[in-house]
Amino acid sequence: MKEIGNEAMAGTGRDEETSQPGGARVSVVTVTYNSRRHLKAFLDSLQTGLDGIQDFEVVIADNASSDDSVAIALSHPVRPRVINVGWNSGYAGGINAAVATVGKDSTLLVLNPDVRLLPGAARLLMNRLLDPTVGVAVPKILDEDGRLTLSLRREPSLKTAWTDAVVGGKLGTWIGTGEKISDPTRYTADGFADWAEGSAMAISARVRKLVGDWDESFFLYSEEVDYMRRVRAVGLSIAYVSGAEVIHIGGESGTNPSLSALLTRNRVQYYRRHHGFLLSAMFQTAVVLGEGVRVGTGPTHRAALWAALTAQ
């Protein structure tokens, strides 16, 4: 692993009224892997998305991209530092590689490269972290058309798994016992959740010290569930900031069989790590049932079913 190219650009304080936790630097962290399609627009969005942040750096961990992601990053006016990880270490591994190069007192803003930070979003997230009971702050997430994404989640449980399996994920969200939180009032006002979609989150320096590194064994998917569970375990909360908005282009887990299988396998493995044999078997059975009844709808469900059956 080595650093290549630019020194990161420090913020210049475009907004004198900003607050940052403890006056610490904000380290914007992203992980790239053949991300050329999204990277320029992501970096462009930082120039207004970071309005009000007085001191920041941008750090990119590149997981051995074979496209020109690194060249795009190095030529961009934001001038990120680029860490060449040297291999595809996964999302958690990339975050850890980037974070290892930033100051221990930095507040993190972890963003997917297919995120677009809307103006002022970072400042609102950082201000929420001024509350000492908050460890992670997450924004409102919109899709490319400006529609709300249901990004808040309940902790995976037998109730959520069996709801999603028997009545389906979409209906389960509206019943209110599925994993996704669908109540529209939860997205119009600030609040809290067990965890949230991991495409955009602000993490306090205090959490970094208490929780440590991300679990690289997940590679991709469920790493944010695990991380936010550990945040809650040290007595801190996951806060939703309704006024902070980002656009997330979205992943391919719903259309890519390999990614769908990985997501499903990690769901089962995550639950097993925190529960005994019997409860884990019941959870896995629910996932198998849910994918099994949908197996005829396409290759992603077939791949997910096999992953659920073979998860260890």
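Here, residue 1 is the first one in the sequence, and each next residue gets the next number. Just so you know, these numbers come straight off a predicted model, no measurement behind them.
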Taking the six-membered ring for Trp, are the ring centroids of Tyr187 and Tyr240 within less than 6.0 Å of each other?
-> yes

With distance as the sole criterion, is a donor-acceptor pair present between the side chains of [X] and [Y] under 3.5 Å?
X      : Y      : answer
Asn34  : Ser66  : yes
Asp143 : Thr149 : no
Arg273 : Ser217 : yes
Ser260 : Thr300 : no

Are Lys140 and Asp190 close enough for a salt bridge, meaning some N to O gap below 4.0 Å?
-> no

Step-by-step side chain to side chain contact (heavy atoms under 4.5 Å, CB included) determination, Arg79 to Val58 = CA-CA 8 Å; Arg79 299 178 61 206; Val58 181; over 6 Å; no

Quick one: do [X] and [Y] end up in the same hydrophobic cluster if we chain Ile, Leu, Val, Met, Phe, Trp and Tyr together by side-chain heavy atoms under 4.5 Å apart?
X      : Y      : value
Val293 : Val166 : yes
Leu158 : Phe277 : no
Ile238 : Val234 : yes
Ile72  : Val85  : no
Leu262 : Trp306 : no

Side chain [X], main chain [Y], donor-acceptor under 3.5 Å:
X      : Y      : result
Asn266 : Tyr221 : yes
Asp164 : Gly178 : no
Ser75  : Ala71  : yes
Ser237 : Thr133 : yes
Asp62  : Val70  : no
Arg186 : Ser182 : no
Gln312 : Thr310 : yes
Ser69  : Ser35  : yes
Arg208 : Ser106 : yes
Thr30  : Ile60  : no

Would you say [X] and [Y] make side-chain contact, with heavy atoms under 4.5 Å?
X      : Y      : value
Leu109 : Phe56  : no
Leu259 : Leu220 : yes
Glu155 : Thr160 : no
Val138 : Ser151 : no
Glu57  : Ser27  : yes
His274 : Asp226 : yes
Val102 : Leu108 : yes

Least distance between heavy atoms, [X] atom then [Y] atom:
X      : Y      : result
Gly86  : Ala64  : C-CB, 3.9 Å
Leu236 : Arg206 : CD2-NH1, 3.4 Å
Thr101 : Val59  : OG1-CG1, 3.9 Å
Asn63  : Tyr33  : O-CD1, 3.1 Å
Pro156 : Trp195 : CD-NE1, 3.8 Å
Phe219 : Ser89  : CE1-C, 3.8 Å

Start with the C-alpha gap between Trp162 and Leu289, add the side-chain angles, then the distance that decides, and say whether side chain to side chain contact (heavy atoms under 4.5 Å, CB included) holds.
-> CA-CA 9 Å; Trp162 280 96; Leu289 175 64; 3.6 Å; yes

Look up atom [atom1] in [X] and atom [atom2] in [Y], then write down how far apart they are to the nearest 0.5 Å.
X      : Y      : atom1 : atom2 : result
Leu111 : Arg116 : CG    : CZ    : 11.0 Å
Glu223 : Asp215 : CD    : CG    : 9.5 Å
Met228 : Arg153 : CE    : CZ    : 10.0 Å
Asn112 : His38  : CG    : NE2   : 9.5 Å
Tyr227 : Met201 : OH    : CE    : 8.5 Å
Thr285 : Leu309 : OG1   : CG    : 9.5 Å

Chi angles and distances behind the side chain to side chain contact (heavy atoms under 4.5 Å, CB included) call for Val78, Phe42 | CA-CA 11 Å; Val78 171; Phe42 163 74; over 6 Å; no

Greater than 12 external heavy atoms within 6.0 Å of Arg36's CZ = no

Under the ring-ring contact (aromatic ring centres under 6.0 Å, His included) test, which residues partner Tyr271, sequence neighbours left out?
-> His275, Phe283

Between Thr163 and Arg154, is a side chain to side chain donor-acceptor pair (under 3.5 Å) present by the stated rule, with each step listed?
-> CA-CA 12 Å; Thr163 295; Arg154 298 178 179 89; over 6 Å; no

With side chain to side chain contact (heavy atoms under 4.5 Å, CB included) as the test, would you mind laying out the steps for Leu117 and Val28 before giving the verdict?
-> CA-CA 11 Å; Leu117 203 62; Val28 181; over 6 Å; no

